[in-house]
J.: 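One structure, pasted below without further comment.
On a predicted model such as this, the values are computed, not experimentally measured, just so you know. First the proteins, then the strands, lettered A, B, ... as listed; each starts at 1.
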Amino acid sequence: MKSDIAYENDLNPSQLEAVQYYDSPLLVLAGAGSGKTRVITYKIAYLINECGFDPGSILAVTFTNKASNEMRQRVNDLLGADTDVWIRTFHSTAAKLLRVYGRMFGVDAGFSIIDGRDQVSVVRQILKKLKQDTESHKPEKYVALISRAKDSLLDAQQAGESEFSTDPLFYDIYRRYEDMLKRENLFDFGDLLFVVVRGLKRSPEALSALKRRFSYILVDEFQDTNHSQYTLVKLLAQPEGNVCVVGDDDQSIYGFRGARVENVLNFRKDYKGAKIIKLEENYRSCQNILTASSSVINRNPGRLGKTLYTKKGRGEKLSFYRASSDRNEALYIAYEIQSLILGEGYRFSDFAVFYRMNAQSRVFESTFTQAKIPYTIVGGLRFYEREEVKDILSYIRLLLNPMDEVSLRRVIAKPPRGIGQRTVDRMVDSTIALGLPFYRAAEEDDIFASRGRKVKEFIAFMKDLEGQLDTGTSSDLLTKIYEETGYPEWLEEQRKEDKLHNLDELYNAVEEFSRRNPSSPISEFIEEVSLNQGSGEEGTAGNGANNRVFLITLHNAKGLEFPVVFIAGMEEGVFPHFLSGERPEDLQEERRLCYVGMTRAMERLYFTAARIRRLYGRSIERGVSNFMTEVPGELLVCREEKGFDSPKVSYYDRGIEKKRTAPKSAVPRTRVPVDDLEENTRIVHEHFGKGRVLEVSKGIAVIRFDDGQVMKFMLQYTPIRKDNDDGD
DNA sequence: CCAATAAGTGTTTTT
DNA sequence: CACTTATTGG
């Protein structure tokens, strides 16, 4: 196929240089919105079309599945066909290598992958065995330590030798954790990379095999690489230098999971003759947004420093709104979205709401549902992490890997079948002692028999299901599991409609998978969902397939862009998060996160805060985030919520002391008095205060508020009423 | 020894 | 609020 890509036309001079350069290792310092994905995708096309690289020998790594899917799509569009280029996340690259070259790496390629919550339950198990209370020794803390050790390529012994932690208990826990995972052929996320890197270091054959396999390597979001990821790239790309990394030190936001910005800063030292190209023209944001975000990020010391510029106009000023409560913060955003749609012709999909914590999404979900604003939640409690979905998947995992104690413990009492903790402990002990999967061990050890019929029944039906594993389709197997476990009936008894619905969704997902990959075993489905944690049907509401507002954490927002962005929860303690307050580098990472959020916005950028926020069942009053003071005042329009009666306290929050609060539904209550609105009527809007009606037609009112703002509202959904001040 | 219920508690970000 | 552990009744 002849190449007809207009490189010179489609790319600016720096981008073009980055695409065409391949004489030595290349570091592209790409500012926010400077077209870095464009560079990577065009470079892949260029390598194939102009330099004669075999597509299958190019490896392009990203951090999220979302990013890799998008990149594949764009490469396919450029090349006009489905490409063989390896476009994968780091973890999926490592998993694939281990599945294919398991023997070379000395691992059993039938391993299962466990997620963070499984890790916690393993550590909890270990702490129990060690008779340590989980109050003072939090499992999560040890999981984090273990993960960081693996990121740093330290096993339990090496961690001990290098005094990785000051907690002496840690090494014992880590060692037991390793033993258990090994015994059960389980890999956590950190293992995937750790085992590959260790294998490459130990085995020159493996290393040279992979070097032959991959002739060029591209890495996206290089500032987010941890030590093991950095080492993997280095092993594959040194000394040949066939590598291009793209990153932005200002967007490093994953320090908490071991990312090292220094990897960007040190690239030139580690790769001899490395070329550095900066991309500084921003194609995304208006000048005001760019200026404001630069002003924020400038507070951070030790940056490489870039000067971003744009040819776009100044655009609107940024806006800050402080609501009285989290609920009213969400309402404000809902009205603002409706107003911009009516007044400026935006669509729902032009908007995104960013927040620091997943817990903040709930209030937006309920408020948007009420306001009839369709939304999509990205991240949060993902589909494949939901209890009922994980339970069913665990049955499959247990069938695929009968040594998997984590899955066994998960499913054994779901639904309850008369087998408890104590019996499982015995089953597991026996399994360990005999080194056999539990349903083989049952034949060797009458401990199982002594527990009577219940255990035998469980084993019998698991054996039966095992027999079904290789016969029939994946969806047949799922049907069988639904039938034999009685899980759906169990949910039905408890009236868990949502959960039942999720099992239907799961069935659809499996069926869809079978259709897409007719010859693939169900293990590949499990692999996909284990690594692709973000995919699947997310929580959605409203109709219209793609025209939805995005609700998303700041971390997940990286790499995306939206015409209008709301950054919610701009409160000290929420953002920056109070746990990041201790060390200055943590605060700097929060600031980079703020920068990432701000630079997603193309045309309009709003900050919002709540004076009082309900979180973890408590209502707490908080001050405004210090980040707000870092946005230049002349670029920011600030407003505070105005209530119906009092300028400060809203109506909704009178019952902060856990007394009953105002009626749940704001919509019907506010609809009443507006029917007779006409031109020139004085009104009060719950959030924007007093104003005058300029125009009313088809249920939409145009209002000029006393502070000069003109906004449009759908009367049906807006808390507005006639101003009766004169009368009283 | 199992399973349902009550009480208590900690509060981030993700592959 | 959501999730873990302690308790009690079977």
Side-chain angles (χ1 to χ4, degrees), chain A residues 61-68 88-95 113-117 119-121 124 127-128 133-135 138-141 143-144 147 150-151 187-193 221 224-226 228-229 252-259 354-363 378-382 384-385 387 412-426 450-452 454-455 494 529-535 552-558 569 573-581 586 589-590 592-594 596-597 613-620 658:
Chain A
V61 248
T62 63
F63 276 82
T64 65
N65 293 287
K66 207 178 172 69
S68 69
R88 290 174 168 273
T89 64
F90 266 108
H91 290 90
S92 119
T93 303
I113 300 167
I114 62 170
D115 67 15
R117 298 176 60 152
Q119 288 182 280
V120 172
S121 79
R124 188 170 282 135
L127 285 168
K128 204 181 283 174
D133 69 305
T134 45
E135 300 275 322
K138 286 189 209 134
E140 289 83 0
K141 195 187 81 184
V143 168
S147 302
K150 288 184 180 181
D151 292 342
F187 281 55
D188 61 29
F189 286 121
D191 285 325
L192 295 170
L193 287 148
E221 308 280 13
D224 288 330
T225 50
N226 61 34
S228 70
Q229 292 161 334
S252 168
I253 54 173
Y254 285 106
F256 69 92
R257 66 173 201 208
F354 299 163
Y355 37 79
R356 181 65 177 79
M357 297 176 289
N358 287 303
Q360 288 170 260
S361 75
R362 292 192 148 271
V363 65
V378 180
L381 218 211
R382 298 169 173 90
Y384 292 106
E385 285 175 354
E387 189 187 12
I412 195 90
K414 296 182 156 195
R417 38 172 77 86
I419 305 171
Q421 187 74 51
R422 192 104 185 95
T423 307
V424 180
D425 287 347
R426 291 218 212 168
S450 74
R451 285 262 50 85
K454 308 275 187 193
V455 174
Q494 303 169 75
V529 304
S530 305
L531 289 167
N532 196 359
Q533 302 263 316
S535 95
I552 190 168
T553 61
L554 284 150
H555 282 87
N556 269 318
K558 189 155 68 156
V574 172
F575 188 35
H577 195 274
F578 76 102
L579 289 177
S580 311
D586 288 345
E589 183 154 309
E590 294 282 303
R592 289 193 292 269
L593 191 57
C594 186
V596 166
R613 178 176 297 279
R614 271 190 89 81
L615 210 55
Y616 310 109
R618 259 196 288 282
S619 285
I620 298 177
K658 282 208 165 161

J.: Could you say whether A:Ile620 or A:Thr89 is positioned toward the 5' end of DNA chain B, judged by the nucleotide with the nearest heavy atom to each?
T.: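 Going by which nucleotide is closer to the 5' end, it is A:Ile620.
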
J.: I need the CG-P distance between A:Asp188 and B:dT14, as an integer number of Å.
T.: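 So the two atoms are 18 Å apart, to the nearest Å.
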
J.: Test your reading of the model: is there a side-chain donor-acceptor pair from A:Asn65 to the backbone of A:Leu531, 3.5 Å cut-off?
T.: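 Yes; at least one donor-acceptor contact below 3.5 Å.
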
J.: Nearest whole angstrom, please: distance from the P of C:dT4 to the CD of A:Glu387.
T.: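 Rounding to the nearest Å, CD of A:Glu387 and P of C:dT4 are 9 Å apart.
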
J.: Name the residue closer to the 5' end of DNA chain B, choosing between A:Val424 and A:Leu579 according to the nucleotide with the nearest heavy atom.
T.: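 The residue mapped nearer the 5' terminus is A:Val424.
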
J.: Closest heavy-atom contact between A:Ser68 and A:Thr62?
T.: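 So the two residues come closest at CB-OG1, 3.2 Å.
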
J.: Look for any protein N or O under 3.5 Å of an N or O in nucleotides 3-6 of chain B and output each such pair with its distance, or none.
T.:
{"unit_1": "B:dA3", "atom_1": "OP1", "unit_2": "A:Gly418", "atom_2": "N", "d": "2.5"}
{"unit_1": "B:dA3", "atom_1": "OP2", "unit_2": "A:Ile419", "atom_2": "O", "d": "3.3"}

J.: So if I take every side-chain heavy atom of A:Arg362 and compare against B:dT13, C:dA2, B:dG10, which nucleotide ends up nearest?
T.: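 That would be C:dA2.
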
J.: Does A:Arg257 make a side-chain N or O approach to OP1 or OP2 of B:dT12 shorter than 4.0 Å?
T.: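 Answer is no, no contact under 4.0 Å.
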
J.: Which atoms form the tightest heavy-atom contact between A:Leu192 and A:His91, and what is the distance?
T.: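 Closest heavy-atom pair between A:Leu192 and A:His91: CD1-O, 4.0 Å.
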
J.: Using a 5.5 Å cut-off between ring centres and planes within 30 degrees, is A:Phe63 stacked on the base of B:dT15?
T.: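 Ring-base stacking flag not set for A:Phe63 and B:dT15.
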
J.: Pick out which of A:Tyr254, A:Phe354, A:Phe63 makes a ring pair (Phe, Tyr, Trp, His ring centres under 6.0 Å) with A:His555.
T.: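 Option passing the ring pair (Phe, Tyr, Trp, His ring centres under 6.0 Å) with A:His555: A:Tyr254.
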
J.: Go through B:dT14, B:dT15, C:dC3 for me and flag the one nearest to the A:Phe256 side chain.
T.: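 The answer is B:dT14, which lies nearest to the side chain.
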
J.: Would you say a side-chain N or O of A:Thr553 is under 4.0 Å from OP1 or OP2 of B:dT14?
T.: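 Yes, such a contact exists.
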
J.: By the 4.0 Å heavy-atom rule, please label A:Tyr254 as base, sugar-phosphate, or nothing.
T.: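 If one applies the 4.0 Å heavy-atom cut-off, A:Tyr254 turns out to touch the sugar-phosphate alone, with no base involved.
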
J.: Given atom CG of A:Asp224 and atom P of B:dT13, what is their separation to the nearest angstrom?
T.: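 Nearest whole value for this atom pair: 17 Å.
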
J.: Looking only at non-hydrogen atoms, find the nearest pair between A:Gln229 and A:Asp224 and report the distance.
T.: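 For A:Gln229 and A:Asp224, the tightest heavy-atom pair comes out as OE1-O, 3.7 Å.
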
J.: Return the minimal non-hydrogen interatomic distance between A:Thr89 and A:Thr93, and the atom names on each side.
T.: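 So the two residues come closest at O-OG1, 2.7 Å.
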
J.: Rounded to the nearest Å, what distance is computed from the NE2 atom of residue A:His555 to the P atom of nucleotide B:dT14?
T.: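 After rounding, the reported distance stands at 7 Å.
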
J.: Kindly say whether A:Gly255 contributes a backbone atom to a donor-acceptor pair with the side chain of A:Glu589 at under 3.5 angstrom?
T.: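 Checking the backbone N and O of A:Gly255 against the side chain of A:Glu589, a donor-acceptor pair under 3.5 Å is found.
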
J.: Please check the phosphate of B:dT12 (OP1 and OP2 only) for any side-chain N or O of A:Asn358 closer than 4.0 Å.
T.: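 The answer is no; no side-chain N or O of A:Asn358 sits under 4.0 Å from OP1 or OP2.
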
J.: Using the P atoms only, state how far B:dT13 lies from C:dT4, rounded to an integer number of Å.
T.: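 Straight-line distance between the two P atoms is 16 Å.
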
J.: Please report, rounded to the nearest Å, how far the P atom of C:dA2 is from the CD atom of A:Glu140.
T.: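 A:Glu140 atom CD is separated from C:dA2 atom P by 17 Å.
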
J.: Closest approach to the side chain of A:Met357, judged atom by atom: which nucleotide of C:dC3, B:dT12, B:dT14 is it?
T.: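 Of all the options, the side chain of A:Met357 is nearest to B:dT12.
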
J.: Among B:dT12, C:dT5, B:dT15, which nucleotide has an atom closest to any side-chain atom of A:Glu590?
T.: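 Closest of the options to the side chain of A:Glu590: B:dT12.
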
J.: Using whole Å, report how far CZ of A:Arg117 lies from P of B:dT13.
T.: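 Distance check: A:Arg117 CZ to B:dT13 P gives 12 Å.
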
J.: To the nearest Å, give me how far apart NZ (A:Lys128) and P (C:dT4) are.
T.: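 Rounding to the nearest Å, NZ of A:Lys128 and P of C:dT4 are 11 Å apart.
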
J.: Does the ring of A:His91 lie flat against the base of B:dT15, closer than 5.5 Å centre to centre with planes under 30°?
T.: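 It does not: the two rings, one from A:His91 and one from B:dT15, miss the stacking criterion.
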
J.: Let's see if you can work this out: which of C:dT4, B:dT12, B:dT13 has an atom nearest to the side-chain heavy atoms of A:Arg124?
T.: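 Of the candidates, C:dT4 comes closest.
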
J.: Can you name the closest pair of heavy atoms from A:Gly569 and A:Gln360 and give their distance?
T.: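 Of all heavy-atom pairs spanning A:Gly569 and A:Gln360, the closest is CA-NE2, 3.7 Å.
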
J.: Could you give the CG-to-P distance, from A:Asp151 to B:dT15, as a whole number of Å?
T.: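 Checked: the CG to P distance equals 14 Å.
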
